[in-house]
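In the text below, chain A, chain B and the rest are named by the order of the sequence lines, each starting its count at 1.
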Amino acid sequence: MIGDNNPWGMFVENVRRLLREVLPAHEIRLEEPPENLGDVAFPTFNIAKKVGENPVSVAKRVAESLNSKIDGAGWVDRVEQKGPYVNFFVNIKKMAEYTIPLILNLDTAYGHLRPRGKKIVLEHTSANPTDALHVGRARNPIIGDTMARILRAAGYDVETQYYVDDLGKQAVILAYGMHELGYDADSSPYMRASRLYEESEEHRARVDDWLRRLEGGDKEVVEKVRRACLEMMENRILPTLERINVRVDVLAYESQFLEKTREVIENLRPYCGKDNGALYIDLSPYGIEEKVYITRSDGTSLYATRDIAYHLWKLERGDVIINVLGEDHKLESYFVKTAIEKILGIEADIRVLFYSFVTLPEGRMSARKGRVVYFDALLDEAVERARKEVLKRREDMDMSRIDEIARIVGVGAVRFNIVRIQPEKKIVFRWEDALNFEGCSAPFVQYTHARACSILRKGGGYDSAKAPVITHEREIRLIKLLSKYPSVIEYSAEFMAPHKVAQYCVDLATEFNQFYRDCPVIHSEGEVRNTRLMLVDAFRITIRNALDVLGITAPEEM
RNA sequence: GGGCCCGUGGCCUAGCCUGGAUAGGGCGUCGGCCUCCGGAGCCGAAGGUCCCGGGUUCAAAUCCCGGCGGGCCCGCCA
């Protein structure tokens, strides 16, 4: 906690310390009590059992001896026994005096924890650049980029990578389509080439020839395929990612790892079975009854093998590897991890965040079957919808500003809607959900931020040197929630739970709206007014930081 | 067939790792709130076998076992 600027964390640490003094021999597990019963709770069931006493009397005794230790000047204001629980109440005066200036001073740094001195290489998206991104794939960059931001906030050095497959058959088909068939406005080069590959002997023969030449290292073909992939990345994939505030640090091309792949095959060979000249690894000693091939009969490598080489390269660049992958990659991912750690015996910290697919109500998206919603189309629709909403209420605003806000709100809505759901749950894409602008949504949170900005514009400044004076329950609740933000970052980073940050945004915005309803700011006076202005600003800073971690911009007006 | 994941009011979802005090939110429905800091907001109401059945436990949405339903994987594809 030290160095994390984590006010709530300090309070909780203090509770633990107090409990350890009274109960040195016991494990201390805290929980959050229901509304109004306290700020943290200590249940006494387990320890009562160990001591052979009833929980209520243990709670009574613990509460009593704790109360005699508390002088009211520390983080803990008081302790109450309620049934088998010992409930701790935070010293709200101290919390306010610590938290509010902390947030105001740290500003953009509030919620950034101490540097960990560790570098994480985080791979996400890595979609084959054969076609534009569709909504079914959109979850990957959104979860990946959000995790990268969370981990950076949590104090890690993070490098994001996109793995571009420019060696597989689909890359050859793409290149063939682009270089040999020319452009056609109606269908993508990949789709056309793919159809011809299936339908025409002649084209298939030529593509297969390219593929052989590619694997043989034919300069001309390698160059053509690489250029085709690069072109698709630059024209189709990266611009779409850019629209949702996702920028990838490193594009790693699969063709970079040919040499390393050969080494991997040689190192793995002693552990391989052989089937018709093809090498495979039997995973049954590692708990899964599967064979995974690492070469074809002709000795050429397979995707998983090259992925191992790529992982070894990532290990050279960082201390920890994190991959954001669709659940269909579970077996492949397990294989890569097992091969590196167990078979090659290389020490590696490889973590994987799997997510379930986004599907349409009719089923899985498929460009070939024409059952697809392109991500750009969704973004266009969301931005258009946002623009209509802005126009409805802001007749005074000039067009370029309206466009800017519509983009911020529309993009935010889309990102939020996907990241708010726990990754392992599947998402059925429905337009009405994706374009939801109220309740549990980015526009709701952004609106609250704009409201706070509006108050601050009209409030005309405050004196941050003055100590806060708390007079209302809503102020207390707001301060507590604000003080928990660093803990949210810490938790989300540790458990790779990006949806927790989204949830926090909604909770905090909701709390602020209640404060807004009950506590006049501009129309109050003296210390109360000064305190509330500081509080509004602290809220503004915190919600803006939290949205930023979600890759969502907080507009000052909308 | 085997493995992994998911199953919480009409719909979506948090909580599940680490069992504990009235299962939190949101959408939708119904009823209220702008002479007052931005109504993309707020308040209230109705609505629940936490998929089912066993087990462990003083205590299970949470842990274990067995079902059922859905998703994903089981390719010399990626």
Side-chain angles (χ1 to χ4, degrees), chain A residues 27 29-35 37 41 43-46 48-49 54-55 82-85 87 126-128 165 167-171 254 275-280 287-304 306-307 326-332 334 354-357 359 364 386 389-390 392-394 409 413 417 420-422 424-428 430 432-433 436-448 450-459 495 499-500 503 506-507 509-510 512-514 516-524 532 536 557-558:
Chain A
E27 187 199 3
R29 184 154 291 160
L30 300 173
E31 54 189 66
E32 196 170 333
E35 201 70 25
L37 290 182
T44 56
F45 300 98
N46 292 329
K49 189 168 194 176
N54 89 71
K82 179 127 187 169
Y85 293 90
N87 294 322
S126 301
N128 287 333
D165 180 350
L167 286 184
K169 184 185 273 182
Q170 86 303 121
E254 196 168 352
D275 173 11
N276 226 333
L279 298 176
Y280 66 84
I288 292 189
E289 296 296 324
E290 301 283 352
K291 279 197 269 183
V292 177
Y293 282 81
I294 67 161
T295 69
R296 300 188 178 91
S297 302
D298 62 6
T300 55
S301 66
L302 291 160
Y303 169 80
R306 286 175 243 136
D307 203 16
E327 61 176 339
D328 55 334
H329 277 66
K330 280 186 180 176
L331 177 60
E332 193 266 340
Y334 179 79
F354 292 109
Y355 60 90
S356 294
F357 290 117
T359 63
R364 221 167 144 172
E389 295 295 322
V390 182
K392 255 199 271 185
R393 45 207 114 194
R394 299 300 297 268
V409 171
N417 198 258
R420 56 178 254 264
I421 313 253
Q422 211 181 336
E424 49 269 28
K425 291 215 183 187
K426 63 172 190 216
I427 294 178
V428 176
R430 290 188 184 87
E432 61 270 32
D433 294 340
N436 172 33
F437 283 13
E438 44 189 43
C440 186
S441 75
F444 163 70
V445 178
Q446 289 168 319
Y447 173 75
T448 310
R451 224 180 200 183
C453 290
S454 173
I455 293 173
L456 292 166
R457 268 196 305 274
K458 292 174 181 163
F495 293 97
H499 65 290
K500 286 286 178 188
Q503 190 58 52
V506 170
D507 291 345
T510 300
F512 180 78
N513 282 327
Q514 290 163 343
Y516 174 88
R517 182 195 60 212
D518 294 337
C519 300
V521 179
I522 297 170
H523 303 299
S524 59
R532 288 180 180 174
V536 172
E557 55 175 347
M558 59 190 276

Exercise. Remember a base hit wins even if backbone is also touched, and classify A:Cys453 as base, sugar-phosphate or nothing at under 4.0 Å, heavy atoms.
Key: nothing

Quiz prompt | Among B:rG41, B:rA21, B:rC72, the one nearest A:Asp328 by side-chain distance | solution = B:rC72

Self-check item: Length of the line joining A:Asn436:CG and B:rC27:P, which is rounded to integer Å
Solution: 7 Å

Quiz item: Taking OP1 and OP2 of B:rG41, is either one under 4.0 Å from a side-chain nitrogen or oxygen of A:Arg517?
Solution: no

Self-check item: Rounded distance in Å - CZ (A:Arg420) to P (B:rG25)
Solution: 16 Å

Quiz prompt | B:rC17 pairs with, by Watson-Crick or G-U criteria that keep both distances under 3.5 Å | solution = none

Quiz item: B:rC4, B:rC6, B:rA21: which one has an atom nearest the side-chain heavy atoms of A:Asn87?
Solution: B:rA21

Exercise. Would you mind reading off the distance between A:Glu32 atom CD and B:rG19 atom P, rounded to a whole angstrom?
Key: 17 Å

Quiz item: What is the nucleic acid contact for A:Val390, judged by heavy atoms within less than 4.0 Å: base, sugar-phosphate only, or nothing?
Solution: base

Practice problem: Mind checking side chain to side chain donor-acceptor pair (under 3.5 Å) for A:Thr44 and listing every partner two or more places apart, or none if nothing turns up? | Solution: none

Quiz item: So does A:Asn513 get a side-chain nitrogen or oxygen closer than 4.0 Å to the phosphate oxygens (OP1/OP2) of B:rC42?
Solution: yes

Quiz item: Quick check: does any side chain N or O of A:Thr510 sit under 3.5 Å from a backbone N or O of A:Val506, one acting as donor and the other as acceptor?
Solution: yes

Self-check item: Whole-angstrom distance between B:rC16 and B:rG44, as gauged at atom C1'
Solution: 32 Å

Quiz item: On a whole-Å scale, what distance lies between the P atoms belonging to B:rC52 and B:rA46?
Solution: 24 Å

Practice problem: Send over the distance from A:Glu424 CD to B:rC5 P, rounded to a whole Å. | Solution: 10 Å

Quiz item: Looking only at N and O atoms, is any donor in the side chain of A:Ser297 or the base of B:rC76 less than 3.5 Å from an acceptor on the other one?
Solution: yes

Quiz item: Is a side-chain donor or acceptor of A:Thr300 paired with a backbone partner of A:Arg296 at a separation under 3.5 angstrom?
Solution: no

Distances for protein N or O near nucleotides 15-17 of chain B N or O, under 3.5 Å:
residue: B:rG15; atom: OP1; partner: A:His499; partner atom: NE2; Å: 3.4
residue: B:rG15; atom: OP1; partner: A:Lys500; partner atom: NZ; Å: 3.0
residue: B:rG15; atom: OP2; partner: A:Gln422; partner atom: OE1; Å: 3.3

Exercise. With heavy atoms under 4.0 Å as the rule, sort A:Tyr516 into base, sugar-phosphate or nothing.
Key: base

Practice problem: Can you tell me, in whole Å, how much space there is between the P of B:rG28 and that of B:rC11? | Solution: 16 Å

Exercise. Please determine, for the side chain of A:Glu557, which listed nucleotide (B:rA21, B:rG38, B:rC76) has the closest atom?
Key: B:rG38

Quiz item: Among the nucleotides B:rG2, B:rG38, B:rA21, which one has an atom lying closest to any side-chain atom of A:Glu290?
Solution: B:rG2

Quiz prompt | Pairing of A:Glu557 and A:Arg457 as salt bridge, 4.0 angstrom limit | solution = no

Self-check item: Verdict with supporting geometry, A:Asn513 and A:Phe444, side-chain contact (heavy atoms from CB on, under 4.5 Å)
Solution: CA-CA 10 Å; A:Asn513 282 327; A:Phe444 163 70; 3.3 Å; yes

Practice problem: If the glycosidic angle is within 90 degrees of 0 it's syn, otherwise anti, so just tell me which one B:rC42 is. | Solution: anti

Self-check item: Flag, side chain of A:Thr359 to backbone of A:Val428, donor-acceptor distance under 3.5 Å
Solution: no

Exercise. Report the base-pairing partner of B:rG41 (Watson-Crick or G-U wobble, both distances below 3.5 angstrom), or none.
Key: B:rC33

Quiz prompt | Integer-rounded Å distance: B:rA59 P and A:Asn54 CG | solution = 16 Å

Self-check item: A:Arg451 to A:Tyr516, cation-pi by 6.0 Å centre distance and 45° axis angle
Solution: yes

Quiz item: Sequence neighbours excluded, which residues qualify as salt bridge (Lys or Arg N to Asp or Glu O under 4.0 Å) partners of A:Lys392?
Solution: A:Glu389

Practice problem: For A:Glu432, look at atom CD and say whether over 12 heavy atoms of other residues, nucleotides or ligands are found less than 6.0 Å away. | Solution: yes

Using nucleotides 31-35 of chain B, report all nitrogen or oxygen pairs with the protein that are shorter than 3.5 Å.
none

Practice problem: Please determine, for B:rU49, whether a Watson-Crick or G-U wobble partner exists with both distances under 3.5 Å, and give it or none. | Solution: none

Quiz prompt | First encountered from the 5' end of RNA chain B, between A:His523 and A:Cys440 | solution = A:Cys440

Quiz item: Could you give the NE2-to-P distance, from A:His329 to B:rC74, as a whole number of Å?
Solution: 10 Å

Quiz item: Taking OP1 and OP2 of B:rG75, is either one under 4.0 Å from a side-chain nitrogen or oxygen of A:Arg296?
Solution: no

Exercise. May I ask you to decide if A:Arg306's main-chain N or O and A:Ser301's side chain share a donor-acceptor pair within less than 3.5 Å?
Key: no

Practice problem: Using a 4.0 Å heavy-atom cut-off across all strands, classify A:Arg532 as base, sugar-phosphate, or nothing. | Solution: nothing

Self-check item: A:Ala41 side-chain proximity, nearest of B:rC4, B:rG38, B:rA21
Solution: B:rA21

Quiz item: Which one, B:rC42, B:rC5, B:rC73, comes nearest to the side chain of A:Phe444?
Solution: B:rC42

Quiz item: Does OP1 or OP2 of B:rC72 have a side-chain N or O of A:Arg364 closer than 4.0 Å?
Solution: yes

Self-check item: Any donor-acceptor pair under 3.5 Å from A:Asn417 side chain to A:Asp433 backbone
Solution: yes

Practice problem: Could you pick out which residue, A:Arg457 or A:Glu35, lies toward the 5' side of RNA chain B when each is mapped onto its nearest nucleotide? | Solution: A:Glu35

Quiz item: Who are the salt bridge (Lys or Arg N to Asp or Glu O under 4.0 Å) partners of A:Glu35, not counting sequence neighbours?
Solution: A:Arg477

Quiz prompt | Watson-Crick or G-U wobble mate for B:rG75, both contacts under 3.5 Å | solution = none

Practice problem: Check the angle between the aromatic planes of A:Tyr303 and A:His329 and answer parallel, tilted or perpendicular using the 30° and 60° thresholds. | Solution: perpendicular

Self-check item: Short side-chain N/O contact from A:Lys458 to OP1 or OP2 of B:rG38, under 4.0 Å
Solution: yes

Quiz prompt | Identity of whatever pairs with B:rU62 - Watson-Crick or G-U, under 3.5 angstrom | solution = none

Self-check item: Atom-to-atom span, NZ of A:Lys426 to P of B:rG71 - whole angstrom
Solution: 7 Å

Self-check item: Donor-acceptor contact present, side-chain A:Ser441 to main-chain A:Ala413, <3.5 Å
Solution: no

Exercise. Output the single nucleotide from B:rG28, B:rU18, B:rC76 whose closest atom is nearest the side chain of A:Arg29.
Key: B:rU18

Every protein N/O lying under 3.5 Å from an N/O of nucleotides 60-64 of chain B:
none

Quiz item: Can you tell me how far C1' in B:rC65 sits from the matching atom in B:rG26, rounded to whole Å?
Solution: 35 Å

Quiz item: Considering only side-chain heavy atoms of A:Ile421, which listed nucleotide, B:rA40, B:rC76, B:rC12, is closest?
Solution: B:rC12

Quiz item: Between A:Arg451 and B:rG39, does any side-chain N or O lie under 4.0 Å from OP1 or OP2?
Solution: yes

Exercise. Could you grab the distance from atom CG of A:Asn436 to atom CZ of A:Arg430, nearest 0.5 Å is fine?
Key: 13.5 Å

Exercise. Give the nucleotide from the list B:rC74, B:rC76, B:rC37 with an atom nearest to the side chain of A:Leu302.
Key: B:rC76

Practice problem: Consider the side chain of A:Asn276, meaning its heavy atoms from C-beta on, and name the nucleotide among B:rC76, B:rG26, B:rC74 that approaches it most closely. | Solution: B:rC76

